[in-house]
Amino acid sequence: MREIELEVGRMIIETLDLKDVSVDDLRPLEPMFYDGLGLDSIDALEISLAMSSRYGVQVGAKDANVNEIFSSIRALSEYIQRNRQR
Amino acid sequence: MRLPLLGERNSEEWIVNGRGGLSQPEFLHRVLSLADRLPEHRYAVVLIRSLEHFLTAFCAAAARCQTAILCGDLTEFGVRELAGMYPDSYVLVDTASPAVPLESIDVSLLDGDSGSTGRVPKISVDQEVALLHTSGSTGKPTLHGKTWGAMLAGAARWRRRFGIDSSDCIVATVPSHHMYGFEASVLLPLNSGAAVYAGRPLYPTDVSAALERCAVAPTLVTTPTHLSAYARSDLQWPPIRQVISSTAALDAATAQRCEERMKCRVMEVFGSTETGAIASRRTVEGNRWSCLRGLEVRVAPDGARVMHADNGEFVRIADTLDIHGDGTFDFLGRTADILKIAGKRASLAGLNRHLTQIEGIEDGVFLNRRDRTVGVERLTALVVAPGVSGERIRAELACRIDSVFLPRKIVVVDRIPRDASGKVSHAHAHALLDRFIRRCGQ
């Protein structure tokens, strides 16, 4: 996993309080939603807040493909790297 | 007596969407055009998530004296089950609906159609216009029939309590097929003439953009889960007239923060699928609920009764209330095993039944863990399932239950702790789960 992916992975675990998931369990290309980690739209909302406060990245339906952004930790990390303000 | 589908005139944009919006006459044309095309059946299963298409579908079915069965987010399994219970039915869909192998009409094919002309349909107050479903204690859906008259009476109560009229605009983040969204974002705009935003925003930026699209400071209809996130967002909010929250209790700190950041009052609604909205409060003012006009609450042996003051009819609710001399009340808790997560309802017994019916699962139980102090509860499943993978269990569950009830973690154990009468010993089950978590952490 790339450094940014580890960081984003930790952010997800911390934000969603996934007590029995460690960052070593995460796979960068594994689906985050429904399959894989099993997250849903309320979790997406929580993650979007954490992204906003930590990296200054706002996500919304206007973004080309919100589903793709959240499709995996790698996709999310790449989106953050492209759009981060801090 | 017959009362019109559209209660008050609004001469501006009535459905606010990104494509120029729809006026009431345009909406009416669509409804009449769709109504002309509907097949002859008793029931119309509405499998539509888009609020704009939902409104059109619901009104067209009502105009044809059909009952709309509301089930926007059911799995295919659930839709088939419903269709089995109501054989004289067909399905109303749009392009985003899941494919179901039943007779379907796509309402989005009307978009761009100039539609038929005609008067606003009048619906008999006794007509059953909708069937809403909740998860019953057996796991099979319980359906609640709603007459047009009862729905309008509810809308009138909302109008009066929240001061909504045709100069208002409503933005909802909740689905239209559950009672809260149905009352607040379907019936209320239909009856009051208030405009309604066609989308269902989720992220703060999208909610803010939706609020800005409204011609006046709108009323935001949402839930504590959403507000908890919005309160923590650093977004600057556009003018909002008021916020309404329901489906679970809103904590005072979140309400306070939202009032400060959004610069408006934050109200809550207490209600149920059986009764619609019963009472409201302004969260920052305290815990007490005040009944909406024309409703009273009384204590009953198995919970409480909500009485209609004018005719004495009552509905039972499975809630324990502490009722004060002036008719206001405090909510003490639910009296049954009904679980609510993100505004959706399920019975734990029903969920357990789905779990144990999966082939290969010898025994299993859902546990409700409150690991977070604020936010959404999540379920964990303990299973005795030699040789069955967690992925397979999750896939089987996903066909049967709503995604918010899918277990965050599936833990395989040798035995589910049960007491002498066969009931799950929750204390032991949670302890087992704690030990598992501690082992994983090492």
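Throughout, protein chains are lettered first and strands after them, A, B, ... in sequence-line order, and every chain is numbered starting at 1.
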Check B:Y180 against B:I244 and note the closest heavy-atom contact, atom names and distance. OH-O, 3.0 Å
Got B:I170 and B:V221 here, is their nearest side-chain heavy-atom distance under 4.5 Å? yes
So what's closer than 4.5 Å to chain A heavy atoms on B:L202: side chain, backbone, both or neither? both
Give every residue pair that meets the salt bridge (Lys or Arg N to Asp or Glu O under 4.0 Å) criterion with at least one member in residues 196-212 of chain B, sequence neighbours excluded. none
Do B:H226 and A:L45 make a side-chain contact, defined as non-hydrogen atoms from C-beta onward lying under 4.5 Å apart? yes
What part of B:A229 gets closer than 4.5 Å to chain A, counting heavy atoms only: side chain, backbone, both or neither? both
For B:V404, is it the side chain, the backbone, both, or neither that has a heavy atom closer than 4.5 Å to a heavy atom of chain A? both
For B:T222, which of B:V243, B:L250, B:V266 qualifies under side chain to side chain contact (heavy atoms under 4.5 Å, CB included)? B:V243
B:R19/B:E52 ion pair, N-O < 4.0 Å: yes
Run the salt-bridge test on B:E396 and B:R400 with the 4.0 Å N-O cut-off and return the result as yes or no. yes
Using a heavy-atom cutoff of under 4.5 Å, enumerate the residues of residues 47-58 of chain A that contact chain B, numbered in order, or state 'none'. A:S48, A:L49, A:S52, A:Q58
Taking 4.5 Å as the heavy-atom cut-off, does anything in residues 70-86 of chain A contact chain B, and if so which residues? A:F70, A:R86
Residue pair B:L433 / B:L367, side-chain heavy-atom distance below 4.5 Å: yes
Hey, could you give me the CZ/CZ distance between B:F405 and B:F366, rounded to the nearest 0.5 Å? 10.0 Å
Do B:S208 and B:T205 come within less than 4.5 Å of each other through their side chains, counting heavy atoms only? no
Partner residues of B:D434 under the salt bridge (charged side-chain N to carboxylate O under 4.0 Å, His left out) criterion, sequence neighbours left out: B:R369
